[in-house]
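Some notes on the structure that comes next.
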Amino acid sequence: MKKIIFLTLFSISLIACSNDDDTPTDTNALIGTTWIGQETNDGIYTFASAASFTFVDEGEIPVNGTYTFDGNNGVLTEDTGFTADFTVSGGIMTVQGINATRVYIKQE
């Protein structure tokens, strides 16, 4: 009987102690957000939906595109054909371009 009680309590404690790693990240977290480049000439990303964005570089025509995002990592694909991997950690988005890595800050 003691073994059954112990196993029951042990099972309940395992279920009750699930951690945040079990929780899926929010793949829609970018919708409606704007990210401004750390440097003045890095441009601005605005995410309009779960699949589309607009990039505005100072003095240039805005570029639209699509993206995929798993809650942490993603790929930006501009309508021009340019693609770039990116990561998001809190209020920081890092975009890996062809010759440079750019950092963007989420606007509140």
Side-chain angles (χ1 to χ4, degrees):
M1 182 71 169
K2 286 183 182 181
K3 286 182 182 178
I4 293 173
I5 293 172
F6 173 76
L7 290 174
T8 302
L9 291 174
F10 181 73
S11 297
I12 291 171
S13 68
L14 285 177
I15 292 169
C17 292
S18 67
N19 64 33
D20 291 340
D21 292 340
D22 296 333
T23 305
T25 53
D26 186 1
T27 57
N28 294 321
L30 298 178
I31 297 172
T33 62
T34 298
W35 303 74
I36 296 179
Q38 190 174 25
E39 300 294 326
T40 306
N41 60 348
D42 286 345
I44 299 171
Y45 282 97
T46 302
F47 294 89
S49 72
S52 65
F53 72 91
T54 300
F55 176 74
V56 179
D57 207 354
E58 187 176 335
E60 299 290 329
I61 296 172
V63 177
N64 294 316
T66 59
Y67 71 97
T68 58
F69 184 60
D70 69 8
N72 295 309
N73 303 297
V75 177
L76 300 163
T77 304
E78 293 182 356
D79 289 349
T80 63
F82 172 77
T83 62
D85 294 331
F86 73 100
T87 60
V88 173
S89 179
I92 304 293
M93 178 173 71
T94 305
V95 179
Q96 180 63 49
I98 296 171
N99 295 320
T101 300
R102 294 182 176 181
V103 176
Y104 295 82
I105 311 300
K106 182 178 179 183
Q107 300 305 292
E108 298 299 326

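This chain uses plain numbering: 1 for the first residue, then up along the sequence. Values below: every heavy atom of this structure, side chains too, minus hydrogens, waters and symmetry copies. Bear in mind that the values here come from a model prediction, so they are computed numbers and not experimental data.
Within the 4.5 Å cutoff, the side chain of E58 has heavy atoms near those of the T40 side chain. When side chains are defined from C-beta on, Y104 does not count as touching T34, because their heavy atoms never get closer than 4.5 Å. At least one side-chain heavy atom of T68 sits under 4.5 Å from a side-chain heavy atom of V75. Residues Y67 and L30 form a side-chain contact, since some pair of their non-hydrogen atoms from C-beta on lies under 4.5 Å apart.
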Less than 3.5 Å apart, which donor and acceptor atoms pair up between the side chains of residues 45-57 and the rest of the protein, not counting sequence neighbours?
unit_1, atom_1, unit_2, atom_2, d
S49, OG, A51, N, 3.1
S49, OG, S52, N, 3.1
S49, OG, S52, OG, 2.9
T54, OG1, N64, OD1, 2.9

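In terms of heavy atoms, N41 sits closest to R102 at O-NH1, 4.1 Å. Closest heavy-atom contact between A29 and F69: CB-CE2, 4.5 Å. Nearest heavy-atom pair across D42 and G37 is CB-CA, 3.7 Å.
With values rounded to the nearest 0.5 angstrom, I92 atom CD1 is found 7.0 Å from Q38 atom CD.
Sorted by first and then second residue, the side-chain hydrogen bond (donor to acceptor under 3.5 Å, both in side chains) pairs involving residues 79-94 (not counting sequence neighbours) are E78-T80.
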Exercise for the section: Any chance you could lay out the side-chain contact (heavy atoms from CB on, under 4.5 Å) test for N72 and V88, step after step, and finish with the verdict? Expected result: CA-CA 5 Å; N72 295 309; V88 173; over 6 Å; no
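With sequence neighbours left out, Q96 forms a side chain to side chain donor-acceptor pair (under 3.5 Å) with T101.
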